[in-house]
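All remarks here apply to the structure that follows.
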Amino acid sequence: MIRILVILSVAFAFIAGCGKETHKLQMPEDMPEDFRFSVSFGYGEDYKNEINTYNGTVTKDLVTKGTASAALAFSTDELQSIYGKMKDIAILEEKQFPQKGNCSQTPSSTDSWKITGNGEMKTLSWTNEYCDMTKDAKDLLDLRSYIQKILEGKYAYKALPAAEGGYD
């Protein structure tokens with residue numbers, strides 16, 4: 001009888017240990033005071049473009065002329081709008097990104113995100129190297145495009161030099 005109880009105890013302990021407990025990050029309804037994000041993106045191994053609200057900077061890839069940076073601040077309304085878009089796509093939940101398959105494209109770009117809010121931080125990265133675009137990757141690309149549109153209307157960004165050259 002004791003042998004059966006020991007075996008059952010070990011079995012239950014094993015089963016309980018196999019349960020996958022994950023800490024699901026949630027975005028509060030209202031934008032938290034500590035909301036910040038950065039997104040770095042670009043072609044090749046270097047992600048020369050960056051929008052960084054932690055440092056209050058924007059960096060632009062000038063291709064053959066290196067990079068140029070400027071101080072940048074989003075208004076509270078702009079940050080709330082960006083936060084709302086992040087919430088809409090559930091940016092803190094697990095994402096599915098394109099995986100290596102039969103097809104790849106060159107040049108390809110990579111996006112690396114860091115998002116902080118409510119004392120939590122999430123990082124994620126994806127590449128368009130692989131031909132199949134997932135919904136999550138498209139959502140992040142649309143989000144980055146939305147942020148870039150806001151950025152392109154700002155004087156500090158407009159004052160940066162134009163890029164020269166291109167990527168093959």
Shortest non-hydrogen contact between [X] and [Y], atoms and distance:
X      : Y      : answer
Gln96  : Asp136 : N-OD2, 2.7 Å
Ser125 : Thr110 : OG-CG2, 3.7 Å
Glu50  : Ser38  : OE2-CB, 4.5 Å

Once side-chain contact (heavy atoms from CB on, under 4.5 Å) is applied, do any residues pair with [X], and if so which ones, sequence neighbours excluded?
X     : value
Glu29 : Lys87
Ala73 : none
Ala70 : Val58, Ala156, Leu160
Gln80 : Met31, Thr76, Asp77

Output all residues satisfying side chain to side chain donor-acceptor pair (under 3.5 Å) with [X], sequence neighbours left out; order by chain, then residue number.
X      : value
Asp139 : Lys135
Tyr54  : Thr116
Thr53  : none
Lys85  : none

With sequence neighbours left out, which residue pairs that include part of residues 141-152 fulfil the salt bridge (Lys or Arg N to Asp or Glu O under 4.0 Å) condition?
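Output for this query lists Asp111-Arg144, Lys138-Asp142.
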Please list, chain by chain and in numerical order, all residues satisfying salt bridge (charged side-chain N to carboxylate O under 4.0 Å, His left out) with Glu33, sequence neighbours excluded.
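Counting only residues at least two positions away or on another chain, Glu33 forms no salt bridge (charged side-chain N to carboxylate O under 4.0 Å, His left out).
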Check ring pair (Phe, Tyr, Trp, His ring centres under 6.0 Å) between Tyr83 and all other residues, then give those that pass, not counting sequence neighbours.
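So Tyr83 forms a ring pair (Phe, Tyr, Trp, His ring centres under 6.0 Å) with Phe35.
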I'd like to check Ile82 versus Ile150 (side-chain heavy atoms, cut-off strictly below 4.5 Å). Are they in contact?
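With C-beta onward as the side chain, the pair touches.
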